[in-house]
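So the structure is just underneath, and the comments pick up after that.
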Amino acid sequence: MDLILASQSITRRRILDAARIDARFMSPKIDEENITKSLIADQALPRDIADTLAEHKALKISRKNLDSLVIGCDQILVFEGEIFGKPASPEALKDMLSRLSGQTHRLVTANVIYKDGKPMWRHVAICHMSMRTITSTEIDAYIDAHWPDVKHSAGGYHFERTPDLFSSVRGNWFDIMGLSIDPILRFLNQHQAGNPFQIPRLAAVLGHPIAQSKSPLMHGHWLKKNQISGDYIAIDIPPMRFNTTVRMLFDVGFSGFNVTIPHKEQALAFADDMTSRARRIGAANTLIKRDSGKISADNTDGYGFMTNLASQNSAWNPSAGPSLVLGAGGAARAILVALLEAGVPKIYLCNRTRARAEDLAADISDCIEVIDWEDKQGVLPDVFTVVNATSLGMIGKPPLEIDLTNLNPDALVTDLIYAPLETQLLKDARTRGCEVVSGIGMLLHQGVPGFEAWFGHRPAVDEELEALVLT
Ligand code: ATR
């Protein structure tokens, strides 16, 4: 089956890629503006306008590609009976957003399939988009930040980049993105003999900021490698808008999320239930929508840490003796819980800000002894595991200054930092004859349980993935 998408939209192309559909992409040049004008003059309904535009695009490509199935689509934004196009200027955008603020508008998405220059199928989806009330100052800040990105979009927004502009949505993610993939797949499955196409599942990493996240690269690799129908994106959500936005994203079809700074505590509170490790850590990095509709929270940081140790050093024995953990942030918390659950009998916890370490120890277990930052070298002869969970030693940060002369050569040393891949701490430990484990594996392994829950396949952590994430 030769399939052509008559569109130049990167978003629509991504949806077909996510569904693992092999298609060609062609850009039909039609005079959208004039066709729309004449339809409006004829008092055509918004759905008929979108449908006619989709038809024009499909027909143009179909005529030159007889025998191929051609998908044409169009999306229009309708508010109070008026069609909103692309904003002509920042001032026009301000006017548009001021009108949409606090109101519900509709996105009408028309899809048609043509063959041999004739229509075979059509579908129109309507999404109801309720924008929250946005102040004039907020609109100005939004325009400053987003104008170059949104000037080509009807209504002046990209839902996937700023879903926090909305308070609720009635509709489906793919319809909002401009291609109704569910009914398209149903049509294609009736007209092709091979394995049926599956509706893509959706997951994302949520944070603020989020551009630095390696998770889309990692999950994208797993999806592609295993030919799974699905997509994984990064979404920036300001802390104030976390609950409303996550609820809305689940409503439009997401199966779950990874959650990173600063949302991990809010994510735990958001969930209907949680794993015991998430409860003990007091934070979630994974949200999963169950078949019942309930949202479960998990924290896989400790799991990632432990699996990484196990996969790189099978000789490591947690009960051999005490551990030293440097740092008392969120990462340290997950590691303390994981080490204790693995059977480490005692942990020395050492942090620049001692009070933070004391709070953590009081919260987690009396097997944790807090020591002064200056005393970290003093316990080295006594410990069998050393973990750096501070940001010291990371590229751009100060070095971690610790003399390992008295460290037991049988000890294992691990660093959560993976940029650089081998920190000075690990280099020094290797010189001392210790086993060392780098931090990259923790990042990779912590993603596994979420991926399996959302996409139904347990992915492999291998060198190919590591190389990809490190580039
Ligand atoms: P995360 O959630 O990734 O653990 P975090 O909460 O910012 O991040 O924690 C960073 C850790 O690095 C903390 O233990 C921090 O020590 P403080 O609690 O005293 O802030 C530690 N850290 C950062 N910069 C440091 C420095 N210059 N010297 C010593 N410790 C430092």
Side-chain angles (χ1 to χ4, degrees), residues 205-215 239 242 258-269 277-278 280-286 297-306 308 323-340 347-364 368-380 385-404 413-421 423-426 428 437-447 469:
V205 56
L206 312 177
H208 184 71
I210 198 59
Q212 79 296 346
S213 175
K214 298 277 190 190
S215 294
F242 183 81
N258 279 130
V259 181
T260 186
I261 294 166
H263 302 312
K264 289 185 172 186
E265 283 81 14
Q266 276 202 81
L268 189 72
R277 61 192 182 192
R280 216 163 158 214
I281 295 166
N285 74 340
T286 307
D298 194 4
N299 192 315
T300 64
D301 285 337
Y303 161 86
F305 174 76
M306 277 303 162
N308 186 33
S323 297
L324 168 64
V325 174
L326 304 171
R333 180 182 267 272
I335 280 153
L336 291 170
V337 169
L339 286 172
L340 291 169
I347 300 174
Y348 295 107
L349 180 61
C350 181
N351 192 47
R352 174 181 59 178
T353 314
R354 188 185 164 106
R356 233 180 141 192
E358 275 167 357
D359 286 350
L360 209 50
D363 228 28
I364 296 176
I368 301 173
E369 181 181 333
V370 174
I371 60 170
D372 278 341
W373 185 243
E374 290 69 34
D375 293 342
K376 53 186 175 302
Q377 268 161 226
V379 297
L380 290 180
T385 317
V386 177
V387 184
N388 177 33
T390 72
S391 48
L392 295 175
M394 192 186 292
I395 291 170
K397 293 279 160 92
L400 169 64
E401 281 165 11
I402 183 164
D403 179 354
L404 300 183
V413 180
T414 180
D415 203 323
L416 267 47
I417 290 166
Y418 55 85
L421 190 55
T423 57
Q424 193 58 45
L425 172 70
L426 297 189
D428 292 350
V437 175
S438 71
I440 183 71
M442 175 174 166
L443 170 78
L444 307 180
H445 284 288
Q446 62 77 34
V469 170

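First listed ligand is number 1; within each ligand, the first listed atom is number 1. When reading the values below, keep in mind they use all heavy atoms of this one structure, side chains included, and skip hydrogens, waters and symmetry mates.
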Point to revise | Side chains of Gln446 and Leu443 in contact at under 4.5 Å (non-hydrogen atoms) | key: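 The answer is yes; the side chains approach within 4.5 Å.
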**Study point:** Asn299 (side chain) donor-acceptor with Ala283 (main chain) under 3.5 angstrom
**Key:** yes
Review point. Any donor and acceptor pair, going by atom type alone, linking the side chain of Asp372 with main-chain N or O of Glu374 inside 3.5 Å?
Key: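 Pair absent, no side-chain N/O of Asp372 close to backbone of Glu374.
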Review point. Using a 4.0 angstrom limit on heavy atoms, which residues are close to ligand 1?
Key: Gly327, Ala328, Gly329, Gly330, Ala331, Asn351, Arg352, Thr353, Arg356, Trp373, Thr390, Ser391, Leu392
**Study point:** The single option from Thr385, Ile371, Val387 passing side chain to side chain contact (heavy atoms under 4.5 Å, CB included) against Leu324
**Key:**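 For Leu324, the side chain to side chain contact (heavy atoms under 4.5 Å, CB included) check succeeds only for Ile371.
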Point to revise | Positive for side chain to side chain contact (heavy atoms under 4.5 Å, CB included) with Thr414, one of Val437, Ile335, Asn388, Leu425 | key: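 Going through the options one by one, the only one that passes is Val437.
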Check your understanding: Would Asp415 and Thr423 count as having a side-chain donor-acceptor pair, cut-off 3.5 Å?
Key ->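 Indeed, the side chains of Asp415 and Thr423 share at least one donor-acceptor pair under 3.5 Å.
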